[in-house]
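Written out below as structure tokens is the structure these notes cover.
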Amino acid sequence: MGAGGLNTKGRHTQLGSGYLSCTSAFSGSPQPQPCGKALMQATGEMRAIIMQSHPNDILPLTLTSATQELFGCRCDEDVTGDNPYKILRKEDIVQDMRMRAAVSDFSPMKQLVLDYPEDELLLVYDRDFIYGSSFYLVLTADAKERHLKVIEVALEREPSEVFAAQKTSEPQPWISLGSEQEIEEESVTDSRPRLKYRISRVRREFGAPIFFSDRNAMETKDGFIECTPYQDKNFSLKQMERHTGVQTIPNLKSSSTQTQWTYPRSMCTQYEPREFSEEKKENCLQSEKLKNFVNSVASRFEIAIQQNEIMDVFFDDWKALSEEDSGYGRKADPHLKEYQSFTDLHFSKEKTISNINWHPTINGVIAVAVTERLSFEDRINGSTKLLLNPSLILFWSFSDPINPQLLLECPDDVFSFEFCPSDPNIIVGGCMNGQVVLWDISTHVEQLQGTHKRENETPVVRYCAVSGIENGHKAPITDIQWLPGTFEVSRMGVPMENKNGICVQIVTCAPDCCVMFWDIRAPRVLQTMADQRKQKVEEKPLENPHGVPNTFKHLDLTWKPLIRVQHISYCKTRLQLVLSTTFCPQDGELVYTDWKLEKDNDSGRLFSAKPSHRFIIHDGQVNTVRRSPFFKDIILTVGGWTFAIWKEGVTNGPIIQSSCSQKKCTVGYWSQSRPAVLFIGKEDGNIDVWDLLEKTHEPSQTQNITATQITCIKPWIVSSKQHLLAVSDHLGTLHILEIPWTLRSPSSNEKLSMSKYFEKEVDRLVYFEKRREMRAKEKKDYEAEELRKKTYLIKRPVIFIIEK
Amino acid sequence: MAEVEETLKRIQGQKGVQGIIIVNAEGIPIKTTLDNSSTVQYAGLIHQLVMKARTTVRDIDPQNDLTFLRVRSKKNEIMIAPDKDYFLIVIQNPSD
């Protein structure tokens, strides 16, 4: 047991069989201190003292008897003076320390034990208390080896002796240690005698026929034994390799965006053209460049301008040539050709046609109003008979010349009627008793159009509205006219714009000195004031003038500005327009009046202004006042034996007046297509065609249509190739004539020529007026002069010298 | 300046001439005998027309150039003579 140095590692050795050895070792660096420290911590001063007196690798310790028993190192029993060494397992020591903590004897040297590298520690019994305790623990491997060598030496001595002794041992009796029991168990022996069985069968059953039967295995319990398959885990193979395909796809992502909606704002941009200021302009004008430019360019312009003056290069001579040529040598007959004539034996027998109207939309349909041709006296006498005979308006269609298509029933003889311009199914008529009648033929339109198959009986349509007798005129209504759709007249007579565009108002006139305006709408919409009897208002819708003179008693208004009450429920409405109208009274006087209703300050009543102009031109009753379809201010009047053409605004007189013809003129109408042509109907059944550009002293042609007087003429344009003239006579026959080409196609610049002609006539009138004035003045001067001369001459004797 | 005036007067004096306008290359009127609004309108519109006509002529033949443009309408005739820096517009009513 030498003084041990410090060993870094421990060595593990094994001795013999059954012995465990453990070595202790110090860790890493020389640490005498921990050893000392541990000892210091241990109880007993003796230990501290002893520390200096024992080598470093040996640790004396005292073990209690409990510890001794535990580790099997009881004094003088397990370990003796001869056998003082005991190998302790480190784990046991550690466990002891853990279990008994501070109580354990090994706790002071816990660290040393733990540090010990090998598993077995050597505990030496120190009987002689060499190091102060009953035991000591060898802390280093070297020390342990030394100790053990000592043991081995000691032990070696003995085993050799024992070994030599064993060589000559004699067979001992076998001691059973219990192993034969195992053998016995392994061997197979019969535990009991074998059993014997003998099975036999009855003899008669040998070779017996065999009967098989079926038995359902499911019937009896345990009828069958199943061997259900199961997955044998021995055979479950794990797939180590796998063949897979991989496809790459584009990454699809759907997304959306929303534009931000900002509220709209109206924006506007104002731009103006760039202009130069005055100085700039001046600068430019002064520059040389401009001068040169203008000089160079002027010549081109002069050529061009003069070229234009000389002739018009774009004038189509060929076309112009053809038009002029048309007048000459044309084989075409300038006469009006009879196209068709209508008369009805049943309805228009003994009657006359008072008015004709073409249907505005349906081609080939014409309506005539048939009235009794009786004088007033005869009417009174035969009034009872008349009552039985209803008055009618007949509708004729070109497709059927014998039977009228439709009959409109009237309360009394109708002298004038009109289709509504905006709705051709509404017809308004003025009766002889002063009533205004409305018809609605919308149910029969198809029949008129010819699409509907006609029954044998001509349908009769009764009037759908009629004005009250007390509301209407007191005289036969001689003219009736629709106000154009753009017009509307208010209560006060102020014309207003009609927003609907449909015709809603009608004007009627009658010889009772009244012109009435009628409204076909509901009363609340437009209530016009109560009728003013004394007012004669003329209104002038832009189509035809008509007027009713107000201040005259006998007014036979053949034109239409009549006011009419449409429905019985309406009160009479009279409207006055600011437009001036012309109208002609019975005795040949033409009166031109302004429309307005004025308020009389005294009485508060409204009355119309006095007529502005009055003319007496015609010798007889004026029966026609018509505007020219081409010139808005040219009016034709026909009456007596002459006709006259007036221009609005020219108040001197008619601009053209025809000479007296042989027979009375009964009716007149402008041509619809030629501005210079007009048709005059005569009382002997002739139609005079006047071409004002050709001759103005006589009609350009006269044609006899019928034997009696012509009551109405109405031209109509069916197509560009066919112009028809409807002429009705006193016998009740309606003649349709075709207007020849010469009379329907205007010559070139006809309108221009006509307007120039009218202007010339106006100039003539003006000139004549001037001359008249001048003459009057001259006359006055002359008379004054004469007077002066006379007074002068009286003073001087006059000598007459008579020479033979 | 006087020369220019004289020439313009001569042109103006021709029969049927309604107005004359001198416009610079950008379309701004320099001198005119019409009222301001008509002048400005004519200048703007005709400038564009002349540019178009000129490019048309030059596209067809680059050596060529527009010398005179006459626009005849129902009511009158507009004559335009273009130049590098200016153009002159004359409106005439030939049928009178």
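Numbers restart at 1 for each chain; the letters A, B, ... are given by sequence-line order, proteins then strands.
In terms of heavy-atom proximity, B:Val90 sits nearest to A:Phe301 at CG2-CE2, 3.3 Å. For the pair A:Ser287 and B:Tyr86, the tightest heavy-atom approach, listed with the atom from each and the gap, is OG-OH, 3.5 Å. For the residue pair B:Met79 and A:Ala304, the shortest heavy atom distance occurs at SD-CB, 3.3 Å.
Heavy atoms of B:Val40 lying under 4.5 Å from chain A belong exclusively to its side chain. With a 4.5 Å cut-off on non-hydrogen atoms, B:Gln41 does not touch chain A at all. Neither the backbone nor the side chain of B:Thr39 comes within less than 4.5 Å of any heavy atom in chain A. Interface remark: A:Glu288 contributes no atoms to any contact with chain B (heavy atom separation under 4.5 Å). With a threshold of 4.5 angstrom between heavy atoms, A:Gln307 approaches chain B through side-chain atoms but not through N, CA, C or O. Within the 4.5 angstrom heavy-atom criterion, only backbone atoms of B:Ile80 (N, CA, C, O) approach chain A.
Counting heavy-atom pairs closer than 4.5 Å to chain B, the top residue among A:Glu272, A:Glu309, A:Lys280, A:Lys281 is A:Glu309. Looking only at heavy-atom pairs under 4.5 Å with chain A, the residue among B:Pro29, B:Ala81, B:Ala43, B:Gly27 that has the most is B:Ala81.
When the shell of 6.0 Å around NZ of A:Lys695 is examined, it contains more than 12 heavy atoms from other residues, nucleotides or ligands.
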message: Evaluate A:Glu275 against B:Asn36 for side chain to side chain contact (heavy atoms under 4.5 Å, CB included), listing each step before the verdict.
response: CA-CA 10 Å; A:Glu275 285 182 341; B:Asn36 195 32; 3.1 Å; yes
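Note that the CZ atom of A:Arg300 and the CG atom of B:Leu69 stand 11.5 Å from one another [nearest 0.5 Å]. Once rounded to the nearest 0.5 Å, the distance linking NZ of A:Lys291 with CD of B:Glu5 reads 12.0 Å.
Inter-residue side-chain proximity for B:Asp85 and A:Phe293 is flagged as unmet; no heavy-atom pair is nearer than 4.5 Å.
In this model, no donor atom of one side chain and acceptor atom of the other lie less than 3.5 Å apart for B:Gln14 and A:Asn308.
With hydrogens and angles disregarded, no donor-acceptor distance shorter than 3.5 Å links the side chain of B:Arg10 to the backbone of A:Ala298.
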